[in-house]
Amino acid sequence: MIDLQHFQAKTCLTAAGFLVADEKVLLVKHKKLKMWLAPGGHTEEDELPHQTAEREFWEETGIKVKAAPIGILRDSTTSQYLPTPITSNIHWVSKENFDSRLASEDHEKRVSTKLWPKGCEQHLGFLYLMEAVGSIEFTQNVEETDGIAWFSDSELDEIETIDDIRAEARLALKIAREYAKK
């Protein structure tokens, strides 16, 4: 079992969303990473993770969505309950940044050897099930993506991505089926 929590890496918060329709999940092909994944990105200052997922989904697909109200949802006079991610993970986004930072005492050298924008070394990602707030007709953001498409469970094995993303997409398909029954 991998243990990424023990590294003192620069961790950036990210959030992404899975929209499911007709037993298919919408994915985008990330331009830099060259793989299919859920629309998402970095959390901006003073932005909550589910808001990041909603914003990034809109920016990358042109589809207005909201995070599905999964989790404890109740009226309270002391707390506001937010949509719960269907899963979360921590992963290396640039082990090279981490290694370079550790190897160098010189700040100028560290800055010049950044291999990933924002200097992130790890991403702490929150993944949400999304609900469309209107049409599910998409528009590809060609600045950030090389493709956008709907995939069934069986088609996930054929796409260019990693097993973790396949597992996350399958989890979204499963939870969407359960969520639709309610």
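No experiment lies behind these values; they were computed from the predicted model shown. Computed from heavy atoms alone, side chains included, the values below leave out hydrogens, waters and symmetry copies.
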*Find the distance between CG (L171) and CD1 (I175) and round it off to the nearest 0.5 Å.*
3.5 Å

*Just wondering, do I148 and L27 contact through their side chains at under 4.5 Å, heavy atoms?*
no

*Do the non-hydrogen side-chain atoms of V93 and C120 ever get within less than 4.5 Å of each other?*
yes

*Which atoms form the tightest heavy-atom contact between V25 and A169, and what is the distance?*
CG1-CB, 4.1 Å

*Quick one: CG on L156 to CG on L173, what's the gap to the nearest 0.5 Å?*
6.5 Å

*Heavy-atom pair with the smallest gap, counting every atom of P83 and A68*: CB-O, 3.4 Å

_Test of understanding: with side chain to side chain contact (heavy atoms under 4.5 Å, CB included), list the residues that count as partners of A176, not counting sequence neighbours._
V20, L129

*Single-linkage hydrophobic cluster, 4.5 Å side-chain cutoff, I2 and F7 together*: yes

*Does a side-chain heavy-atom distance below 4.5 Å link P39 with F138?*
no

_Restricting to salt bridge (Lys or Arg N to Asp or Glu O under 4.0 Å), what partner residues turn up for D163, sequence neighbours left out?_
R166

*Polar side chain donor-acceptor pair, E47 to T52, under 3.5 angstrom*: yes

*Please identify each residue that fulfils side-chain hydrogen bond (donor to acceptor under 3.5 Å, both in side chains) with K174, with sequence neighbours left out.*
none

*Go through the steps to decide whether K66 and E131 satisfy the test salt bridge (charged side-chain N to carboxylate O under 4.0 Å, His left out), and finish with yes or no.*
CA-CA 5 Å; K66 66 178 183 173; E131 294 180 328; 3.7 Å; yes

*Run the ring pair (Phe, Tyr, Trp, His ring centres under 6.0 Å) check on Y128 and F18 step by step: do they pass?*
CA-CA 6 Å; Y128 293 88; F18 290 98; over 10 Å; no

*asked:* Could you report the tightest heavy-atom contact between H123 and T11, atom names first, then the distance?
replied: C-CG2, 4.4 Å

*Report yes if the side chains of H42 and L13 come closer than 4.5 Å at any heavy-atom pair, otherwise no.*
no

*Decide whether L37 and L127 are clustered together by the hydrophobic rule: side chain heavy atoms of Ile, Leu, Val, Met, Phe, Trp, Tyr closer than 4.5 Å, transitively.*
no

*Those residues that, when tested against S152, pass side chain to side chain contact (heavy atoms under 4.5 Å, CB included) (two or more places apart)*: K24, S154, E155

_Heavy-atom side-chain contact between Q122 and K10 under 4.5 Å_ = no

*Is a side-chain donor or acceptor of E54 paired with a backbone partner of A67 at a separation under 3.5 angstrom?*
yes

*Donor-acceptor contact below 3.5 Å, side chain T84 vs main chain I70*: yes

*asked:* Let's go through R177 and E23 carefully: what are the C-alpha distance in whole Å and the side-chain angles of both, what is the deciding distance for side chain to side chain contact (heavy atoms under 4.5 Å, CB included) to 0.1 Å, and is it a yes or a no?
replied: CA-CA 8 Å; R177 281 191 293 275; E23 292 291 317; 3.0 Å; yes

*Which residues pass the salt bridge (Lys or Arg N to Asp or Glu O under 4.0 Å) test with D3, sequence neighbours left out?*
none

_Once rounded to the nearest 0.5 Å, what's the spacing between atom CG of L124 and atom SG of C12?_
10.0 Å

_Surrounding CD of Q80 (heavy atoms of other residues, nucleotides or ligands, distance under 6.0 Å), is the total greater than 12?_
no

*Give a yes or no on whether D75 atom CG has more than 12 heavy-atom contacts from other residues, nucleotides or ligands under 6.0 Å away.*
no

*For A21, enumerate each residue passing the side chain to side chain contact (heavy atoms under 4.5 Å, CB included) test, keeping only those at least two apart in sequence or located in another chain.*
I136, W150

_side-chain hydrogen bond (donor to acceptor under 3.5 Å, both in side chains) against T14, all qualifying residues, sequence neighbours excluded_ = none

*Shortest non-hydrogen contact from A9 to W92?*
CB-CZ3, 4.0 Å

_Partner residues of E168 under the side-chain hydrogen bond (donor to acceptor under 3.5 Å, both in side chains) criterion, sequence neighbours left out_ = N89

*Would you check if the side chain of T161 reaches a backbone N or O of W36 as a donor-acceptor pair within less than 3.5 Å?*
yes

*Hey, mind stepping through M35 and I162 against side chain to side chain contact (heavy atoms under 4.5 Å, CB included) and telling me if it holds?*
CA-CA 8 Å; M35 74 171 93; I162 59 173; 4.1 Å; yes

_Minimum heavy-atom distance between Q140 and T145, given as atom pair plus value_ = NE2-O, 3.0 Å

*Can you list the residues that meet the salt bridge (Lys or Arg N to Asp or Glu O under 4.0 Å) rule with D146, with sequence neighbours excluded?*
K31, K34

*Got a salt bridge between K32 and E144, using NZ or NE/NH1/NH2 to carboxylate O under 4.0 Å?*
no

_Hydrophobic clusters here meaning ILVMFWY residues chained together by side-chain heavy-atom distances under 4.5 Å, can you tell me if V65 and I86 are in one?_
no

*asked:* Test of understanding: clusters of I, L, V, M, F, W, Y form through side-chain heavy atoms closer than 4.5 Å, transitively. Do I63 and M130 belong to the same one?
replied: yes

_side chain to side chain contact (heavy atoms under 4.5 Å, CB included) against D99, all qualifying residues, sequence neighbours excluded_ = K95

_Can you give me the closest heavy-atom contact between L19 and A132, atom names plus distance?_
CD1-N, 3.7 Å

_For residues F98 and L4: do they belong to one hydrophobic cluster (side chain heavy atoms under 4.5 Å, members Ile, Leu, Val, Met, Phe, Trp, Tyr)?_
yes

*Roughly how far, to the nearest 0.5 Å, is CG of L82 from CZ of F126?*
11.5 Å

_For K64, salt bridge (Lys or Arg N to Asp or Glu O under 4.0 Å) partners two or more places apart_ = none

*Which pairs count as ring-ring contact (aromatic ring centres under 6.0 Å, His included) when at least one residue sits in residues 50-87, sequence neighbours excluded?*
none

*Hey, what do you get for OG1 (T61) to CD (E56), rounding to the nearest 0.5 Å?*
10.5 Å

